[in-house]
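One-based numbering along the sequence shown.
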Amino acid sequence: MRCLILAMEKIPSCSLITPTYNWPEALELLLLSVLNQTVLPNEVIIADDGSKEETKALIERFQKIFPVPLHHIWHEDNQNQKPAIMNKAIAKSKNDYIIEIDGDIIMNKHFIEDHLGFAEKGCYLFGSRVNIQERLLPKLFSNKSINFNLFSTGIKKRGRTIRIPFLMQFAKKIENRSSKLRGCNMSFWKTDFIKINGFNEALVGWGIDDSEMIQRLHNLGIKGKRLKYSGIAYHIYHKEQSKSHLEINTKIEKETTEKKLTFIEKGINQYL
């Protein structure tokens, strides 16, 4: 295993932050993929939206072997409160740069290296994902598989497995939020996140929280850059979550966009 804790001046210190909720099997693969990184984050924070004891026990087991601090930030289960638990976790982070992934992501071994290598002031990064199909899940969890490539079975969008970081020199910054944005694979500066007061806790249930936050970054003048042929992530299949609050959340996001809002009332400032 090749691991390197960042020490170079031009590369920022970073916190890897992931939300989770009652799926320790997926979280275990995520944590194993952290251990496989060519460059380690300075800390890992699990933003736990109310999981049961199985998740706590898993994290405690990994804390004993982890080469960097592994923190568990938990609050009581009150349906989907991802914006709140993410704000709490990021408030506790100790580093300049935040890399956000979902709790059902397996990272390519160069994932952290790529996000940090292309980080720049006044910009955030977002990547795509390769989908792991449902039929592969029994084998995935029994074998604790974390290594995939272009020719792996049971994956979709396999072109996204190709890593050619040299091509990122041609990537352009974008002025407007991309429809390709996925919260499961993105990174940003903590100072920018605090300026917009983080995630909007008026958003409840599944969806919109990441894109609404990113919209406020754009309203602030922060630009985006898409990671292509870099920042490769594999998404473990799961059934779709309830979209019962999606209409309400979409209205909030629309208001953020039309009024060019940069700061929301209920955000990370509660925890700083």
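For the pair K251 and E255, the salt-bridge criterion is not met [side-chain N within less than 4.0 Å of a carboxylate O]. Ion pairing between R61 and E28 holds under the 4.0 Å rule for side-chain N and carboxylate O.
Of the listed residues (I112, L116, I17), just one forms a side-chain contact (heavy atoms from CB on, under 4.5 Å) with P41, and that residue is I112.
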Give every donor-acceptor pair under 3.5 Å between a side-chain atom in residues 120-130 and any protein atom, sequence neighbours left out.
from, atom 1, to, atom 2, distance (Å)
E120, OE1, K173, NZ, 3.0
E120, OE2, K225, NZ, 2.8
Y124, OH, H218, NE2, 2.7

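Within 6.0 Å of atom CZ in F118, more than 12 heavy atoms from other residues, nucleotides or ligands are found, so the atom counts as buried in its surroundings. The environment of F151 atom CZ is sparse: at most 12 non-hydrogen atoms of other residues, nucleotides or ligands sit within 6.0 angstrom.
To the nearest 0.5 Å, the span separating CD1 on I146 from OG on S33 amounts to 6.0 Å. Within the model, atoms CZ of R216 and NZ of K260 stand 15.0 Å from one another, a figure rounded to the nearest 0.5 Å. We find the CG-CG distance between D102 and D210 to be 7.0 Å, quoted to the nearest 0.5 Å. To the nearest 0.5 Å, atom CG of residue L203 and atom CG of residue N249 are 4.5 Å apart. Going from atom CD1 of I85 over to atom CD1 of I46 covers 11.0 Å, rounded to the nearest 0.5 Å.
The ring pair (Phe, Tyr, Trp, His ring centres under 6.0 Å) pairs that include a residue from residues 32-56 number zero, where partners must be two or more places apart or lie in different chains.
Side-chain contact, Y21 with N80: no donor N or O sits under 3.5 Å from an acceptor N or O.
In this structure, W189 and Y97 have perpendicular ring planes: the angle between them is above 60°, well past the 30° mark. Using a 30° and 60° split on the angle between ring planes, H115 and F111 fall in the tilted class, from 30° to 60°.
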